[in-house]
Amino acid sequence: MYDFTKLETFIGLNKPAHFEPTLEHLNHYIRQYVLHVPFENINVQNRLPLAVNNASMIQKITERHQGGICYENNRLTYEYLSQHGYDMHFIAATVNQGEEKGWAAENVHMTTIATLNGTRYLVETGFGESPLMAVPLNGEIVEDTAKRQVYKIKYIDNKTFDLLKKMNDQWIIQYRAVDRYLKFRDFENAMVYNQTSLDSHFVTDPLLVKNWETGHVTMTGRNLTVTDQGKKEKHPVTRENYRQFLADYFNITHTPILFFEPEETE
């Protein structure tokens, strides 16, 4: 049994003395994790190994205030929830990057499924502005009114489903997942791709996302965009101001990013 106390304390998890795997506890974990742990690709940008064991990932979160990409965040969630009685599995998905960019590389996103009392749920803690709750695979709509999140799952065939988010009264595909259980080792090629290929946006551009109760902030190599209660404001990101943005919005300090100042990370 791994000691997750540091993680639980950092994300403010209200864990009862006699913990049982319930939907309420699952949603509490997801919410606290997503609101406290950013999605970020700093290790990829700085050509450092991903944190894909419990000790290195928890240290990264609690001491450096970083998070990770899907293989880091969702792997830790899988480990935590598995240890606490949830029936967990990995699945692969293809991310929809929008009308301009289209689909990302096929099935390189790693996410998780939890089965609870015969019902299966998508549990996503490694996808930028991730849902703050488990999303049932039965098509039930789930909503967080404060954050203005509305999600549902829609199967397009027996083994493929879309994660849909309602935006401006339209359902937009976030990603398309294959409903086939995988092992973590099955993502080895995907992890190599997203750490080394110039076709991967993780390699070519910084990407950080931090969530809060009513919105989120996204920082790339060009812009910082703050979204709160449906309103957006955008600021240019430069070598001169990016460290201040990291400190102010992500509480990340003393961590240079190769994209902005290569001489600091060599």
[X] vs [Y] aromatic rings, parallel, tilted or perpendicular, using cut-offs 30° and 60°?
X	Y	value
Tyr80	Phe4	perpendicular
Phe90	Phe184	tilted
Tyr33	Tyr29	tilted
Phe10	His65	tilted

Inset, instruction - Let me see the working for Leu116 and Asp87 under side-chain contact (heavy atoms from CB on, under 4.5 Å), right down to the final yes or no. - result: CA-CA 7 Å; Leu116 184 63; Asp87 182 14; over 6 Å; no

Legend entry - Derivation of the side-chain contact (heavy atoms from CB on, under 4.5 Å) call for Ile153 and Tyr121: CA-CA 9 Å; Ile153 297 293; Tyr121 299 87; over 6 Å; no

Legend entry - Residue among Thr160, Asp179, Asp162, Asn138 satisfying side chain to side chain donor-acceptor pair (under 3.5 Å) with Tyr155: Asp179

Inset, instruction - Just do the side-chain contact (heavy atoms from CB on, under 4.5 Å) check on Val178 and Ile91 with the steps written out, would you? - result: CA-CA 7 Å; Val178 179; Ile91 63 169; over 6 Å; no

Inset, instruction - Any chance you could lay out the side chain to side chain donor-acceptor pair (under 3.5 Å) test for His84 and Lys15, step after step, and finish with the verdict? - result: CA-CA 11 Å; His84 287 81; Lys15 183 181 174 184; 2.8 Å; yes

Report yes if some heavy atom in the side chain of [X] is under 4.5 Å from a heavy atom in the side chain of [Y]; otherwise report no.
X	Y	answer
Lys165	Glu129	yes
Leu7	Leu76	yes
Val108	Tyr71	yes
Arg176	Ile156	yes
Ile173	Leu164	yes
Asn43	Ile69	no

Inset, instruction - Begin with the C-alpha distance, continue with both residues' side-chain angles, and end with the deciding distance and a verdict on side chain to side chain donor-acceptor pair (under 3.5 Å) for Glu124 and His109. - result: CA-CA 11 Å; Glu124 178 60 83; His109 178 65; 2.8 Å; yes

Legend entry - Nearest heavy atoms of Gly221 and Asp205, plus distance in Å: N-OD1, 3.1 Å

Legend entry - Derivation and outcome, side chain to side chain donor-acceptor pair (under 3.5 Å), residues Asp3 and Thr5: CA-CA 6 Å; Asp3 184 359; Thr5 302; 2.5 Å; yes

Inset, instruction - Test the Lys152-Trp171 pair against the cation-pi criterion, namely NZ or CZ under 6.0 angstrom from the six-membered ring centroid and within 45° of the ring axis. - result: yes

Inset, instruction - Compute the ring centroids of Phe259 and Tyr242, then answer whether they are less than 6.0 Å apart. - result: no

Inset, instruction - Would you sort out whether Phe250 and Met219 count as a side-chain contact (heavy atoms from CB on, under 4.5 Å), showing the intermediate values? - result: CA-CA 10 Å; Phe250 300 91; Met219 190 175 100; 4.0 Å; yes

Inset, instruction - Give the intermediate values and the outcome of side chain to side chain donor-acceptor pair (under 3.5 Å) for residues Thr125 and Asn73. - result: CA-CA 6 Å; Thr125 59; Asn73 284 326; 6.0 Å; no

Legend entry - Polar side-chain atom of Thr253 near backbone of Ala247 as donor-acceptor pair, under 3.5 Å: no

